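None of the values given here were measured: they were computed from a predicted structure. Numbering starts at 1 and runs along the sequence shown.
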Amino acid sequence: MSRFELKMIPNGGDIVLLTPGEDAEPRVSHVYPPLEQYPLGSDRYINDRPNVFLDVVDILDGNEPRDDASDEDAARAADANSVSLRSLAQRAQRASADGSGNARRFKDGRDLWSKITAHAYAGVHEPDAEPILDVRRTHNWKKNQPLRNHGVDPEAWFVSRFYSRSNARKDAFYARRGLDQVFSALSEGTQQPDAAVLESIERMRIARDGNADYPTYAEIAALVDDSNMLVFHNDASFADWLREQAKAQDVISADTPVDVWVSPDPLSDPDDPRYLAPHSQMPAAHLANVLAPRKPQES
């Protein structure tokens, strides 16, 4: 579920911040009047004054939300309409450039949405992180996996159905590089996509594209219906793991098929041996060699 939701109260433009309560239902955490909707502001750091943009960034960073709403605030929010952080950032940028504010506010307002999305992306994109392999038994994504509530790395490899195949050495498992490819595989890779899955995908896309709020690893594991989903943050670690598994031959062999979904580099040559089509199936050993070719041994 989304970590926050924003709504606008009619006739005044106050912004409502809703966050999940103990029962996971959204509740009003704070109501921002217009003066708390300007881009940034130095007084925020001195007096901890509320600011909708920095408060949301705090939530995206994993901090607790501001929580000081009254019963009256909750009542006023009943008729509020949903609004995205992106829309508020664009509106604030226009307001900061209308000549009514100081130069500092104008500077803070420029490229506000780009700054927020860049910050959120940097907080989840971890190309050098260790792969997430401890996902079985008591550490699966439904139970005590330490990263279950962490926002997903949107460029990672998400590997599913590795441990749940009836014929472990012959049945294919799935490897999708990037969050968008997870969405594509589930919505386009089957003739009759599950309606609940499509609804979840749409909700996750709206949260990411409108609020810079990435789904968690546990949510993606639930989406692909695999509590033992594996995660690799770069091609090299995935290739090394494939070779190790094929060599051990406990779960897969070199010829075990992998159903692969990627977003190809638009500048890559389809005739290049390392080219990966948007959707393909290939032996595990071949995929490893495509992702990270072995270096020739010195004579």
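- A distance of 9.5 Å separates CG in L223 from CE in M229, rounded to the nearest 0.5 Å.
- Ring planes of W241 and F173: perpendicular class, angle over 60° (limits at 30 and 60°).
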In sequence, state the C-alpha distance, the side-chain angles, and the governing distance for V52 and L17, and then conclude on side chain to side chain contact (heavy atoms under 4.5 Å, CB included). CA-CA 8 Å; V52 64; L17 171 67; over 6 Å; no
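- Atoms CG and CD1, from N211 and I206 in turn, are 9.5 Å apart once rounded to the nearest 0.5 Å.
- How far CZ of R205 is from CG of L179: 8.5 Å, rounded to the nearest 0.5 Å.
- Looking at P65 and D67, their side chains never come closer than 4.5 Å, going by heavy atoms from C-beta outward.
- In this structure V124 satisfies the side-chain contact (heavy atoms from CB on, under 4.5 Å) test together with H150, P154, Y214, sequence neighbours excluded.
- Contact detail for A246 and S253: the closest heavy-atom pair is CB-C, 4.0 Å.
- Note: the hydrophobic cluster containing M204 also contains W141 (ILVMFWY, side chain heavy atoms under 4.5 Å, direct or indirect links).
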Take R66 and S29 through the side chain to side chain contact (heavy atoms under 4.5 Å, CB included) test and state the conclusion after the steps. CA-CA 6 Å; R66 190 177 293 276; S29 293; 5.8 Å; no
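- Under a hydrophobic-cluster definition in which Ile, Leu, Val, Met, Phe, Trp and Tyr are linked whenever side-chain heavy atoms come within less than 4.5 Å, directly or via other members, I201 and V224 are assigned to the same cluster.
- Side-chain heavy atoms closer than 4.5 Å link hydrophobic residues (I, L, V, M, F, W, Y) into clusters, and following such links, possibly through other members, connects L147 to F158.
- Checked by atom type, the side-chain pair D259/H279 shows a donor-acceptor distance below 3.5 Å.
- In this structure, W113 has its ring center at least 6.0 angstrom away from the ring center of F53.
- A heavy-atom distance below 4.5 Å is found between the side chains of P278 and P264.
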Test R243 against N289 for side chain to side chain contact (heavy atoms under 4.5 Å, CB included), laying out the working first. CA-CA 9 Å; R243 292 184 176 118; N289 290 333; 2.9 Å; yes
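- Partners of D209 according to the side chain to side chain donor-acceptor pair (under 3.5 Å) rule, which considers only residues two or more places apart in sequence or in another chain, do not exist here.
- Here the side chains of F232 and L133 are in contact, with some heavy-atom distance below 4.5 Å.
- A donor-acceptor pair is defined here as one N or O able to donate and one able to accept, closer than 3.5 Å; such a pair exists between the side chain of D73 and the backbone of S70.
- For the atom pair CG of L276 and CG of L291, the computed distance is 6.0 Å after rounding to the nearest 0.5 Å.
- Minimum heavy-atom separation, P50 to D55: CA-OD2, 3.9 Å.
- Annotation: cation-pi geometry satisfied between R165 and F162 (NZ/CZ under 6.0 angstrom from ring centroid, within 45° of ring axis).
- Contact annotation: the side chain of K7 never approaches that of I15 to less than 4.5 Å [non-hydrogen atoms, C-beta and beyond].
- With sequence neighbours excluded, no residue forms a side chain to side chain donor-acceptor pair (under 3.5 Å) with Q245.
- Considering every non-hydrogen atom in both N81 and P10, the closest pair reads ND2-CG, 4.2 Å.
- Panel note: side chain D171, backbone N167; a donor-acceptor pair is recorded below 3.5 Å.
- The side-chain heavy atoms of Y217 and N149, taken from C-beta on, include no pair separated by under 4.5 Å.
- Residues near Y174 contribute nothing to a hydrophobic cluster around it, because no ILVMFWY side-chain heavy atom sits closer than 4.5 Å to its side chain.
- Scanning all heavy atoms of the two residues, the minimum distance from A239 to A292 falls at CB-CB, 3.7 Å.
- Closest of all the heavy-atom pairs between A212 and L60 is O-CD2, 3.5 Å.
- For the pair E5 and S82, the minimum side-chain heavy-atom distance is below 4.5 Å.
- In this structure R148 satisfies the side chain to side chain donor-acceptor pair (under 3.5 Å) test with no other residue, sequence neighbours excluded.
- The list of side-chain hydrogen bond (donor to acceptor under 3.5 Å, both in side chains) pairs with a residue in residues 128-137, not counting sequence neighbours, reads D134-H139.
- Within the 4.5 Å cutoff, no side-chain heavy atoms of D71 are placed close to those of R76.
- Note: S263 OG to R176 CZ = 15.0 Å, rounded to the nearest 0.5 Å.
- Here the side chain of R208 pairs no donor or acceptor atom with the backbone of P215 at under 3.5 angstrom.
- With hydrogens and angles ignored, the 3.5 Å screen pairs a side-chain donor or acceptor of S184 with a backbone N or O of D180.
- When all heavy atoms of S2 and R203 are compared, the closest pair comes out as N-NH1, 4.1 Å.
- Side-chain contact, N51 with Y32: no donor N or O sits under 3.5 Å from an acceptor N or O.
- For D194, the side-chain contact (heavy atoms from CB on, under 4.5 Å) test picks out A196, V197, with sequence neighbours left out.
- The shortest side-chain heavy-atom distance between R169 and V251 does not fall under the 4.5 Å cut-off.
- Remark: P293 engages R274 in a side-chain contact (heavy atoms from CB on, under 4.5 Å) (not counting sequence neighbours).
- For CG of D269, the number of neighbouring non-hydrogen atoms (other residues, nucleotides, ligands) closer than 6.0 Å is greater than 12.
- Within the structure, the side-chain hydrogen bond (donor to acceptor under 3.5 Å, both in side chains) test picks out the following pairs touching residues 223-236 (sequence neighbours left out): D153-H233, W157-D235, R161-D225, R177-D235, N234-S237.
- For E199, the side-chain contact (heavy atoms from CB on, under 4.5 Å) test picks out no residue, with sequence neighbours left out.
- To the nearest 0.5 Å, atoms OG (S84) and CE (M8) are separated by 9.5 Å.
- In the hydrophobic clustering of ILVMFWY residues, with side-chain heavy atoms under 4.5 Å counting as a link, F183 and W261 come out apart.
- With sequence neighbours left out, the side chain to side chain donor-acceptor pair (under 3.5 Å) criterion links S268 to no other residue.
- A donor-acceptor pair shorter than 3.5 Å can be found between the side chains of D61 and H119.
- Under the side chain to side chain contact (heavy atoms under 4.5 Å, CB included) test applied with R3, the options I59, V56, T216 reduce to a single match, I59.
- Residue V31 belongs to a hydrophobic cluster whose other members are I9, V16, L18, V28, with links defined by side-chain heavy atoms closer than 4.5 Å.
- Judged by distance alone, with hydrogens and angles left aside, the side-chain atoms of N140 form a donor-acceptor pair with the main-chain N or O of K143 at under 3.5 Å.
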Should F238 and V159 be marked as a side chain to side chain contact (heavy atoms under 4.5 Å, CB included) after you check the CA-CA gap, both sets of side-chain angles, and the distance that decides it? CA-CA 9 Å; F238 186 27; V159 177; 3.7 Å; yes
